[in-house]
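See below for the structure under consideration.
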Amino acid sequence: MRVAALAGGVGGAKLVDGLAALLPPDELSVIVNTGDDFEYLGLQISPDLDTVCYTLAGLANPATGWGQRDESWRTFETLSALGGLDWFRLGDRDLATHLYRTEALKKGQSLSQVTRDLCHKWGIKHPIYPMSDDPVRTFVSTRQGEVLGFQEYFVHRACQPEVTGFEFRGAGTARPIPEALDAIRNADLVILTPSNPWVSIGPILAMPGVLAVIRQKPVIAVSPIVDGKALKGPAAKMFHELGIAPSAAAVAAHYREFLTGFVLDAMDAAELDKIRQWRIIPFATNIIMKDRPDRARLAREVLDFGETVLNRSQ
Ligand code: FO1
């Protein structure tokens, strides 16, 4: 079964890791959010691409989900002691990735070319595509009337400001990677991984042409919300601040217009009927991925559910 997976940060990366353990490279393509990308200390940082790639390469930091494992912080600590910029923590190993990427981009390579090169060097066989080679930047509007760059909101301000909306600056004119669009077009199934619907999956769907292709496909989403709480990050807080009670069903409703199937946690089984009323096929299981076997187990269940959805929608 050919699958195109849309992914953002840590939750998305974990499910992608499970899918990659089950599907050969010609049956799984991953399209990753770059709305979180930004320039910091003169370096081009692509947090979600790195999270997905480090996870697939077995290099991810298990404590944070982002950055590299066995990390040291000498550069960060030394810079901090000098009074330099230190609100975004770059580990020594991670720093090498940003230096390498920044240099390659400066020499004229595209983000997708550098990503392919890094994946090759890290032994990643599955195609990983940034959503675009053109810069798209997520901005968060707050109740206080501020407009914050995503990392400013997420890391520097620790997701504290109340959000009123999002803007994906550059998305209107950015071009999706043609191979990524083809991967979605040729997929039997599109999977929206358990990433933040607003700021991780939202920017990918905002890319010109992506939604039009996705609407032609069977699509299943995996909930990033369990029992009203986000598995990681501010997704539930965002739903709440935007006037929507956070729940798995709220995520299904968010994608309702094009969703075929929805995977939610067994804890949220009371929401199954509501989701069925929207003509979305729901499937409840344990969606919390604590370790690597959990990722493969959930991926297996999502793929089996995908088969069921495909048979029903034919
Ligand atoms: N997240 C934090 O909460 N604090 C950090 O200092 C931080 C540093 C960082 C460095 C590299 C990287 O790839 C990710 C990093 N993240 C950090 C995570 C990042 O902000 C988020 O994972 C995403 O942008 C949201 O998906």
Side-chain angles (χ1 to χ4, degrees), residues 5-17 30-57 59-77 79-80 84-102 105 111 114-115 118-119 122 128 130-131 135-140 148-161 163 166 168-169 192-204 224-225 230-238 289:
L6 274 49
V10 178
K14 286 182 180 175
L15 185 61
V16 165
D17 191 38
V30 187
I31 298 99
V32 181
N33 172 41
T34 56
D36 297 7
D37 292 16
F38 76 132
E39 190 182 310
Y40 181 77
L41 293 167
L43 299 170
Q44 296 299 326
I45 319 279
S46 294
D48 284 359
L49 273 175
D50 289 345
T51 298
V52 168
C53 292
Y54 289 162
T55 303
L56 286 179
L59 295 173
N61 183 331
T64 54
W66 52 264
Q68 291 213 17
R69 65 165 199 228
D70 304 324
E71 190 55 283
S72 57
W73 301 91
R74 291 202 157 195
T75 313
F76 166 78
E77 284 161 5
L79 182 65
S80 184
L85 208 55
D86 65 354
W87 59 265
F88 196 79
R89 292 161 49 92
L90 297 179
D92 298 327
R93 287 179 194 275
D94 191 31
L95 203 47
T97 304
H98 310 308
L99 288 165
Y100 188 83
R101 175 189 296 118
T102 304
L105 291 173
L111 183 59
V114 195
T115 305
L118 285 167
C119 283
W122 288 327
I128 313 295
M131 66 186 195
V136 177
R137 297 291 172 261
T138 298
F139 284 83
V140 179
L148 305 173
F150 183 75
Q151 298 299 344
E152 175 69 24
Y153 160 80
F154 190 88
V155 176
H156 203 187
R157 304 280 291 274
C159 308
Q160 284 309 311
V163 304
F166 309 99
F168 308 125
R169 225 172 262 178
L192 307 186
T193 61
S195 297
N196 187 312
W198 302 102
V199 291
S200 295
I201 304 296
I204 310 178
I225 292 190
L231 289 170
K232 193 166 173 43
K237 182 174 178 285
M238 287 174 173
M289 293 172 278

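Atoms within a ligand are numbered from 1 in the order they appear, just like the ligands themselves.
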Side chain [X], main chain [Y], donor-acceptor under 3.5 Å:
X	Y	value
Tyr40	Phe88	yes
Arg74	Asp92	no
Lys237	Cys159	yes

Practice task
Verify side chain to side chain donor-acceptor pair (under 3.5 Å) between Thr55 and Asp17, making sure each step is shown before the conclusion.
Solution key: CA-CA 7 Å; Thr55 303; Asp17 191 38; over 6 Å; no

Identify the closest protein heavy atom to [atom]: which residue and atom is it, and at what distance?
atom	answer
atom 11 (C) of ligand 1	Asp94 OD2, 3.3 Å
atom 20 (O) of ligand 1	Gln151 OE1, 2.8 Å
atom 25 (C) of ligand 1	Asp36 OD2, 3.1 Å
atom 4 (N) of ligand 1	Val155 CG1, 3.4 Å
atom 13 (O) of ligand 1	Pro47 CA, 3.4 Å
atom 10 (C) of ligand 1	Phe88 CE2, 3.2 Å
atom 26 (O) of ligand 1	Asp48 OD1, 2.9 Å
atom 21 (C) of ligand 1	Phe154 CE2, 3.7 Å

N/O separation below 3.5 Å, [X] to ligand 1:
X	value
Arg89	yes
Thr51	no
Ser200	no
Asp50	no

Problem - Close-contact set for ligand 1 against Gly9 heavy atoms, below 4.0 Å - result: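 By the 4.0 Å cutoff, the relevant atoms are 26 (O).
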
Handout entry: ligand 1 atoms in contact with Leu90 (distance to a heavy atom under 4.0 Å)
Key =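 So the answer, numbered in order with elements, is 10 (C).
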
Practice task
Using a 4.0 Å heavy-atom threshold (strictly under), name the region of Asn33 that reaches ligand 1: side chain, backbone, both or neither.
Solution key: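 Asn33 to ligand 1: no contact under 4.0 Å from either part.
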
Contact summary for [X] and [Y], nearest pair of heavy atoms:
X	Y	value
Arg137	Asp37	CD-O, 3.0 Å
Gly8	Ser200	CA-CB, 3.7 Å
Arg93	Asp70	NE-O, 2.8 Å

Problem - Sole residue of Asp86, Thr75, Leu85 in side-chain contact (heavy atoms from CB on, under 4.5 Å) with Leu41 - result: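 Option passing the side-chain contact (heavy atoms from CB on, under 4.5 Å) with Leu41: Leu85.
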
Handout entry: Of Leu49, Asn196, Asp48, the residue whose pairing with Asp36 passes side-chain contact (heavy atoms from CB on, under 4.5 Å)
Key =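 Of Leu49, Asn196, Asp48, side-chain contact (heavy atoms from CB on, under 4.5 Å) with Asp36 is met by Asp48 alone.
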
Problem - Nearest-0.5 Å distance that lies between atom CZ in Phe150 and atom OG1 in Thr138 - result: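 The CZ atom of Phe150 sits 7.0 Å away from the OG1 atom of Thr138.
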
Exercise for the section: Give the C-alpha distance, both sets of side-chain angles, the deciding distance and a yes or no for ring-ring contact (aromatic ring centres under 6.0 Å, His included) between Tyr54 and Trp122. Expected result: CA-CA 8 Å; Tyr54 289 162; Trp122 288 327; 5.3 Å; yes

Practice task
Run down the list Phe76, Trp66, Trp87 and name the one with the heavy atom closest to atom 5 (C) of ligand 1.
Solution key: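 Nearest heavy atom to atom 5 (C) of ligand 1 lies in Trp66.
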
Handout entry: Any Phe150 heavy atom less than 4.0 Å from ligand 1
Key =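 Contact check Phe150 vs ligand 1: positive.
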
